[in-house]
Amino acid sequence: MRYTELFCPTLREIPSEAEIVSHQLLLRAGYIRKSGSGIYSYLPMGYKVLKKIMAIVREEMDAAGGQELMMPIIQPRELWEKSGRWAVYGDEMFRLKDRHLRDFALGPTHEELITSIVDADTHSYRDLPLLLYQIQNKYRDEIRPRFGVMRGREFIMKDLYSFDLDVEGMNESYRKMYQAYSNIYNRLGLEYRVVEADNGAIGGSESHEFIVLAGSGESVIVYCSECDYAADVEKAEAIPEEAINTGEAALPMEKSATPGQRTIADLVEFYGLPEKRLIKTLIYEADGELVAVVIRGDRELNEIKLKNYLQVNELAMAGEERVRNTCGGGFGSLGPVGLQVKTFADREVENMINTSCGANEDDFHYINVNPGRDFGAAAFADLRNTVAGDACPACGKVLKETRGIEAGQIFQLGTKYSEALQATYADRDGNPQLMVMGCYGIGVSRTMAAAIEQNHDDNGIIWPLSIAPYQAIIIPVNVNKADQMEAAEKIYSELLAAGVEVILDDRDERVGVKFKDADLIGIPLRVTVGPKSLAEGKVEFKERQGKESELVLAGDICKRILDLVK
RNA sequence: CGGGAUGUAGCGCAGUUUGGUAGCGCGCUUGGUUCGGGACCAAGAGGCCGCAGGUUCAAAUCCUGUCAUCCCGACCA
């Protein structure tokens, strides 16, 4: 492609509506344009990247035994009534009526439709298993679309559904997909982690998320430095640290005056004890009832874990007045000793010896408090956030922490949908059996944005070779010099003939402009044809991902590029 | 939906407080000089100031309504 013919409108300045890097760069580099909140057009360059991602996804889905199909965006209401989700999906579903006032939805997902399709034409155990997928636009009227293409209301998703005879079959399909997803993210050239995920309401079976690592990601995950364990911090089991003062004899508890000492930091100063030797007590209102939560002084409570543990709907910090009335002391002087509120403690607290806590009386604390002896708890449970440095729940080695973007998720569905839609097959004995399902999604447009979040610098995008819209760009320094253009054209046609996707920047612009654009749009390989090196029969070769440029004989450059591309 | 903010040329912004009929930078067009990391000079084109009402001799500016967009929260590929 000649740059003069390319539709790639780059911007010098950052559009003010874009907040995160990938959104800014997609707009600046001429890959996308917005048509409404959370709704985007993909310009030729952007679409090229999407097609590359889709091609990789297709190859891996096909290799795993998947068959591609295409289902409609518009789905009738009755289908959703059957699964009960017409009511449940709520405002997030785009709904519309036809001229006869019949209700339809723009598909936010396709479990209902695919299940009805498979059920209609699958009658025997001989027809299963089936792995069917599509790559299609999905519609979700998000409460708040944001970050450009990262969370759109219309987005591109690959969704595959597996239909098996039984749970063993489903497990096998799941295993295949897990492997296929790993292959995909490897081939995309992205750094990622597979984390154990919550499968929410579905319950019982497995789910994993594929997280593309990026500092700007919305998910915080911990992963093991030694083994494969990785999980969202909010879901990861927090392994209690061994008591730091093991072996110390339990001393008699004493009450001491601590005038004006309210925070953990105050007490660290006051007692000369480290944060981890103290405990803090938080009072929550759980469905209206007060509960106390006790955790180590340096830890953070994980409200999701607490909520799940207590099995309540509403959970919020209690107001100070109510706390003072019930407990006796205000914030900063609370403790579990003698507390008349149901108390839950993080299990790490159980190991602590001679700790300190509030006395439920302003300006007083207890020291040498020992759990079990001095206070009890309704339960010692995993209630805190896992942090870097904690032990890995799988192997015991040290956990590290990072942020990332959820680009894919795989679920075991079991019979949730086959039961709702009565999708059955006849087994060997002729008896009807429910199909056992799984579903597997990849956010294609989101993966594009995630790739940028992970791979960019101050000058622009740095595409991995596998998904770059063009693999190489040739920049003649001055298009008005015949020798430079001739050399550039020669390399260009040679690369084209070899099947390399290449741009020839034939614009009559200064080199600076061309370099800036090449960097901005993120082409991985760059060849500069300039007067200095050309005099020696050489051209300059530079990879986008940093490093110096090097001189290469003009006759050798194509081979050099081919070696990298193939 | 709650909280915060913004709509003025393709992009980034000023002008709004104190009404007087729209401006700057970049980009775009033409000509010239330049030419190794977003050149310079000159001449141009381009805006119903988000939209609809109202106040006024006069509205980008004041008032009312409305629409849209962005950011912070619950949701998710």
Side-chain angles (χ1 to χ4, degrees), chain A residues 9-20 23-24 27-28 30 33-39 53 57 88-93 108-110 135-160 181 197-201 207-212 218-219 232 303-304 307 313-316 404-411 439-450 458-460 475-481 484 507-520 526 528-534 539-540 542 549:
Chain A
T10 57
L11 304 173
R12 293 201 179 192
E13 285 173 276
I14 302 169
S16 58
E17 70 189 35
E19 193 71 12
I20 62 164
H23 190 195
Q24 294 174 348
L27 287 167
R28 274 193 67 205
R33 288 293 181 262
K34 184 178 68 180
S35 65
S37 178
I39 303 172
I53 297 172
V57 169
V88 173
Y89 227 102
D91 292 336
E92 212 157 291
M93 186 146 77
T109 175
H110 283 70
I135 298 178
Q136 211 231 32
N137 282 358
K138 293 282 186 279
Y139 297 82
R140 293 185 194 170
D141 196 359
E142 295 281 347
I143 301 162
R144 185 155 87 86
R146 66 185 129 170
F147 303 147
V149 114
M150 191 77 85
R151 180 185 301 280
R153 294 193 294 170
E154 175 182 86
F155 60 98
I156 304 170
M157 177 169 154
K158 184 286 303 180
D159 45 327
L160 182 144
Y181 271 46
D198 191 12
N199 36 2
S207 178
H208 287 89
E209 287 174 353
F210 287 71
I211 304 283
V212 172
E218 291 184 273
S219 308
D232 193 294
E303 292 190 7
I304 293 172
K307 204 169 163 180
N313 296 317
E314 295 291 327
L315 186 71
I405 297 155
E406 188 190 331
Q409 183 164 14
I410 56 179
F411 279 103
C439 75
Y440 315 84
I442 287 182
V444 175
S445 35
R446 178 181 282 184
T447 296
M448 173 167 78
D458 291 345
N459 291 318
I475 299 181
V477 168
N478 187 336
V479 295
N480 299 311
K481 301 284 191 226
Q484 289 176 35
R507 292 177 298 172
D508 187 6
E509 287 284 356
R510 315 182 109 233
V511 251
V513 172
K514 300 195 208 185
F515 286 154
K516 287 288 183 188
D517 273 332
D519 285 350
L520 177 60
R526 189 179 85 190
T528 307
V529 182
K532 294 179 224 159
S533 42
L534 197 59
V539 295
E540 288 154 54
K542 181 176 178 301
S549 70

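To find a chain, count down the sequence lines: A is the first, B the second, and so on, and within it residues start at 1.
Across B:G46 and B:G23, the matching P atoms stand 13 Å from one another, rounded to whole Å. Look at the P atom in both B:A77 and B:G2: the space between them is 27 Å, to the nearest Å. A gap of 45 Å separates the P atoms of B:C71 and B:C35, to the nearest Å. Between B:C62 and B:G20, the distance separating the two C1' atoms is 14 Å to the nearest Å. Rounded to whole Å, the separation between the C1' atoms of B:U29 and B:A45 comes to 7 Å. Straight-line distance between the C1' atoms of B:U18 and B:A5: roughly 24 Å, to the nearest whole Å.
For A:P15, taking side-chain heavy atoms from C-beta onward, the closest of the listed nucleotides B:G38, B:G12, B:G36 is B:G12.
A:D519 contributes a side-chain N or O that forms a donor-acceptor pair with the base of B:G37 under 3.5 Å.
One interatomic measurement links the two molecules: CG of A:D458 to P of B:G38, which rounds to 15 Å at whole-angstrom precision.
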Nucleotides 67-77 of chain B: protein proximity per nucleotide (B base, S sugar-phosphate only, - neither; heavy atom, under 4.0 Å): --SSBBBBBBB
Nucleotide-resolved protein contact map, nucleotides 24-34 of chain B, B/S/- at heavy-atom distance under 4.0 Å: -BSS------B
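Residues passing the salt bridge (charged side-chain N to carboxylate O under 4.0 Å, His left out) test with A:R153, sequence neighbours excluded: A:D141. Taking A:Y181 as the reference, A:F210 meet the ring-ring contact (aromatic ring centres under 6.0 Å, His included) condition, with sequence neighbours excluded. Residues passing the salt bridge (charged side-chain N to carboxylate O under 4.0 Å, His left out) test with A:E509: none are found, sequence neighbours excluded. In this structure, A:H110 has no ring-ring contact (aromatic ring centres under 6.0 Å, His included) partners at least two apart in sequence or on a different chain. Every residue two or more places apart in sequence or in another chain that forms a salt bridge (charged side-chain N to carboxylate O under 4.0 Å, His left out) with A:K138 is listed here: A:D159. For A:D519, the salt bridge (charged side-chain N to carboxylate O under 4.0 Å, His left out) partners at least two apart in sequence or on another chain are A:R526, A:R544.
Applying the salt bridge (Lys or Arg N to Asp or Glu O under 4.0 Å) rule to pairs touching residues 10-19 of chain A yields A:E17-A:K34, sequence neighbours excluded.
Checked by atom type and distance alone, the side chain of A:R446 never pairs as donor or acceptor with a backbone atom of A:V149 at under 3.5 Å.
Rounded to the nearest 0.5 angstrom, A:D517 CG and A:T10 OG1 are separated by 3.5 Å.
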